[in-house]
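Everything quoted here is computed from the prediction, not taken from an experiment. In what follows, chains carry the letters A, B, and so on, assigned in the order in which the sequence lines appear, proteins first and then strands, with residues in each chain numbered from 1.
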There are 2 protein chains.
Amino acid sequence: VSMISDRFEPLFNPNSVVFVGASRNPGKWGFIILANILNGGYEGRVYPINPKEKEILGLEVHSSIEGLPEIPDLAVIVVPPPSVPGVVAECVKKGIKAALVITAGFAEIGAEGERLQNETVRIARQGGMTMVGPNCQGIISISSKLHALMPPLFPPPGPLSIVSQSGNVAGTVARKCMSRGFGFSKYLSTGNEAALHCEDVFEYLAEDPETKVILSYIEGFKDGRRFLETAKRVTAKKPIVMLKAGGTIAGAKAAKSHTASLAGSDSIFDAVCKQAGVIRVRDMDELFYVGAALAGGFMPKGRRVGIITGGGGWGVLASDACAMAGLEVVELPEETIKELDTFLPSWWSRGNPVDLVAGLRPGDVQNSFEVLLACPNIDGVILLGLTPALPRHTDWLSSGGLERSGKINNIVLDEIGDVFSRLMDMAHSYGKALVVASEMPFETEMLQKIGERGGVCYTLPDQAAFVFASLARYAEYLRESDARTEAIPRCTGP
Amino acid sequence: VSMISDRFEPLFNPNSVVFVGASRNPGKWGFIILANILNGGYEGRVYPINPKEKEILGLEVHSSIEGLPEIPDLAVIVVPPPSVPGVVAECVKKGIKAALVITAGFAEIGAEGERLQNETVRIARQGGMTMVGPNCQGIISISSKLHALMPPLFPPPGPLSIVSQSGNVAGTVARKCMSRGFGFSKYLSTGNEAALHCEDVFEYLAEDPETKVILSYIEGFKDGRRFLETAKRVTAKKPIVMLKAGGTIAGAKAAKSHTASLAGSDSIFDAVCKQAGVIRVRDMDELFYVGAALAGGFMPKGRRVGIITGGGGWGVLASDACAMAGLEVVELPEETIKELDTFLPSWWSRGNPVDLVAGLRPGDVQNSFEVLLACPNIDGVILLGLTPALPRHTDWLSSGGLERSGKINNIVLDEIGDVFSRLMDMAHSYGKALVVASEMPFETEMLQKIGERGGVCYTLPDQAAFVFASLARYAEYLRESDARTEAIPRCTGP
């Protein structure tokens, strides 16, 4: 076990938790967070602290940290700001190794808050304590069934971890992932990062075998050079996808009052990301989109894209989006066109995008897909329109009453997972990338079926192009960093 | 009834329809489209034509157009390309006033197709016929319950109409609208626009009392000047929201092979849109987002925005997005801050964005909202996080098990429509705009409840900022065109 794991073990895998500021009032965070810990199924011991209560949510309440029957690994602290330094001091005195300070009202509100924050950090540091926050939303650690978090959020286990300077951004992203069938390993809201910085968490997650992809929301770094060096080491092992806020004057001002962050120059940050192999995204949707695609294990060897579409408009929008994302919508070689001619109807577009023009034979999508995968000029396929690939697509089309009822046909629900898996396996067997977007606004249930197989179905061609470009960029970064790619074998599929 | 209505009456409100190319095979469009007409509940007479069949889907089949017992208003044509000119000639001979040519394989596939297309147009023009297509997906006209369309798509009645050079883009956008509780009036896929151009449809929809907002997907115009002049006239009456594709070389190439469109210069198109008051959007989601917001009747008097957020990260992202969209995240006047101080907890951000920092009292959102609406420095509010406004928000938070079940609490479902309506009414009563985004990924059912009240809840702060800026731009355009704003009273709410 490395030094970094030592520091984080009591945080992510505590044997027991003391909860300081427990409340019987369901309208208080001191109740809600405790309820979430219990509802999450945490199996370690939980010690609520409240000098005035005997029992909360069925747990025995203790009146002081000092009097606890054991030394808990982790303290969750929700008392009002002025009490925080004293509570942290008691924790240190007891020998508690990690603290999560949820309470807000520190450096983000001005000079008085900053003084309180500095005092708290000083006490934690002197005691050798790992302190998260203050002004943070909490933690999820799936392996420990620990959900010490403000919102009731219970994601399934999965390949993603998130580190965020905003709890509500992390929550939004997690819910987006969950609604698409993707799960988490670790989730940490770092708040003001008074002591523990996001870079520390990146280092830990790089070593965490349960984390395949790191998602991150950042408003500012305390030390740009350290971020660059850390990120370089981490991205050699696994991807970091990052949403950075505060790039405008208005945003920077809001960031200062949110987490007391100094947002810094946006263009410098962009350059740092490029140098460190960090994949930067533009919004919370893209944080999930790109993260999920990377978890799928696709590493395209280049930027040459083949597009298959069930209708022309989507193909035109995808072509625009590819061009704008720096991808090449390649000319198809004569042999590829000839091969497609052998089975596609006469009116197909005879070029890239391969436009099936509302073709109705389900085999056409899969056969075209395989021809493009075999084409040596193509590094991956953007497939637009998943339903035409379904064996019973025309049954569904000709049974108009079913869509009308507001529910997508159960036929589609049954078939979609298998079809998706088969297409992903085909792409992997050719060592090429596959990104899928569909014109159907699939119900949550269908998206979850796809997500459970490790797939994502985007809802816009623009998203598919952006994701493909992000995969290509990370693959390029790793290829260019020879030393790194030699050290860790890649491109092997999921 | 104006001349333009005369031309379009047989298309959008036909008394009877002849369906040329009907099929008994459920795998053919000649079956599927006919089934959609019947499933849609069209109440006029339908005459399927097929020389080899006696009965399809319970309808008597006729062997020729000539032999029909009446002159239908509209012909829907799905026969193979070489037969199309002949069929159109028969329609003209019979006296049919409008034709919808679904069949593909014309100018978009090359010289031979173009010849066939020109011949078809010549025949239709000589016969004074209104011809849509070829290579189009079909039509929906809610007032006539007419769904002569390839996909089974049955939107409820509503304020939006769509004109699209791509059927599958129109279908995607319609499904997005429907899943958010928004309905349609007219839906037309114009295909190759060999005879009828989208400008004609814009003119018609400008007069259509059931259409409040026109959505449009365009790959190219036959006549840029005509588009400019038409759009100017139309946008004086109601907004046009437009997604234009083919702006890159790759996209322009795809557009040529899709609808034989010449996409033209993207920057010139941008300038034309500005001059004509057309609101240009970047993707299919935005087409719905902006259209739905305009249907809500908000016309902000300026670009000064107040932001209310339940958590800081969303506020920072929204501030960035506002700055990038050209909106001003204004300084709050001292009196406004003082008023908020009277009821918000001490740790609120004391600035704009008004960050409630995970505040738990539901009244805080509504009270802050009203204070911002009353603030003379603000033209509208971006409200981030709708759930904290719900009366029983904390019940929901402290009952963690409910979210876990995968279903948002029924409590939320019950309350959301009313809360949304109340907030919209408050904004209208102050003559200010309201745009809402929420960190909760609401289920379809909840979004529909909101949509039924004419509201939209966006899922990213970025979307909210973009929508607010679009509302502001259209309002500015109308103010600057004095003559237009004098002719038609506005800013009166929904």
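Chain B forms the most heavy-atom pairs under 4.5 Å with one residue out of A:Leu460, A:Asp283, A:Asn352, and that residue is A:Leu460. Listed options A:Met284, A:Gln463, A:Glu328 were ranked by heavy-atom pairs under 4.5 angstrom with chain B; first place goes to A:Met284. Note on A:Gly313, A:Ser319, A:Gly110: by heavy-atom pairs under 4.5 Å with chain B, the leading option is A:Gly313. Of the residues considered (B:Asp285, B:Ile249, B:Leu34), B:Asp285 shows the highest number of contacts with chain A, using heavy-atom pairs under 4.5 Å. Per-residue counts of heavy-atom pairs under 4.5 Å with chain A were compared for B:Ala250, B:Pro155, B:Ser346; the largest is that of B:Ala250.
The closest side-chain donor-acceptor pair between A:Asp320 and B:Thr248 falls under 3.5 angstrom.
Proximity to chain A (any heavy atom under 4.5 Å) is restricted, for B:Leu243, to the side chain, taken from C-beta onward. For A:Asp462, the part lying under 4.5 angstrom from a heavy atom of chain B is the side chain only. In this structure, the portion of B:Arg282 lying under 4.5 Å from any heavy atom of chain A is its backbone and not its side chain.
Once rounded to the nearest 0.5 Å, the distance linking CZ of A:Arg180 with OH of A:Tyr458 reads 8.0 Å. Here the CE atom belonging to B:Met150 is positioned 8.5 Å from the SG atom belonging to B:Cys136, to the nearest 0.5 angstrom.
Using a 4.5 Å heavy-atom cutoff, the side chains of A:Gln137 and A:Ser164 are not in contact.
In terms of heavy atoms, A:Tyr217 sits closest to A:Ser166 at CE2-CB, 3.4 Å. Closest of all the heavy-atom pairs between B:Asn168 and A:Gly310 is ND2-C, 4.4 Å.
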